[in-house]
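Worksheet: the structure to be examined is printed underneath.
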Amino acid sequence: MSWRDAVQPAVRMLLQPDARTDPHLEMLRLGAEHEDIEARDIVLTLAVGGGLVTGTLVSTDTWERLHLRQLGDHDDTLRKVARHAIGHLDEAAEKGRRPRQVDPRFLHLQDVTHRLGRTTHILPTWRGPISARSCTGPRWYG
């Protein structure tokens with residue numbers, strides 16, 4: 001997909017915003033999904049379920065690879081499933097096709113810190129519904 005593919009959904013979000021989705025957050029999500037847009041250094045802080053989730057915005061493809069590798073580190077059976085799944089994703093990418101569409105309801109983050117009260121958890125990846133957040137704070141690092 002190119003940046004041109006992101007224009008129509010972004011314009012639609014700004015002109016007819018869905019009450020459940022922040023149009024500016026949706027534009028960041030669209031940017032992360034399109035390879036022509038440099039969205040590598042966008043760090044978001046989201047208020048989700050009474051806690052704060054901070055991490056670097058990544059595409060669905062990046063999140064899938066990181067998540068499957070993480071699963072593969074825990075258990076022999078999961079490792080076999082993860083290796084097979086990663087191989088399938090790599091093969092699909094090499095052939096220039098994806099087996100499914102990106103689900104626009106979710107944001108994907110890596111290098112995540114989750115804070116709830118005095119408790120802090122460090123997570124390699126995070127996937128959450130855009131509609132679950134109550135505020136955002138993007139930061140760009142360059």
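Values below: every heavy atom of this structure, side chains too, minus hydrogens, waters and symmetry copies. This is a predicted model, so every value here is computed, not measured.
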Should V81 and H84 be marked as a side-chain contact (heavy atoms from CB on, under 4.5 Å) after you check the CA-CA gap, both sets of side-chain angles, and the distance that decides it?
CA-CA 5 Å; V81 171; H84 182 72; 5.9 Å; no

Please output the side-chain donor-acceptor pairs of residues 108-120 that fall under 3.5 Å, not counting sequence neighbours, one pair per line with the distance.
residue	atom	partner	partner atom	Å
H108	NE2	R127	NH1	3.3

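Taking CG from L123 and OG1 from T54, the interatomic distance works out to 11.0 Å, rounded to the nearest 0.5 Å. Interatomic distance, L44 CG to R29 CZ, rounded to the nearest 0.5 Å: 12.5 Å.
The shortest non-hydrogen separation linking A32 to S59 is O-CB, 3.1 Å.
Under the 4.5 Å side-chain heavy-atom criterion for grouping Ile, Leu, Val, Met, Phe, Trp and Tyr, V53 is not connected to F106 through any hydrophobic cluster. I42 and V48 fall within the same hydrophobic cluster, defined by Ile, Leu, Val, Met, Phe, Trp and Tyr side-chain heavy atoms under 4.5 Å apart, directly or through other members.
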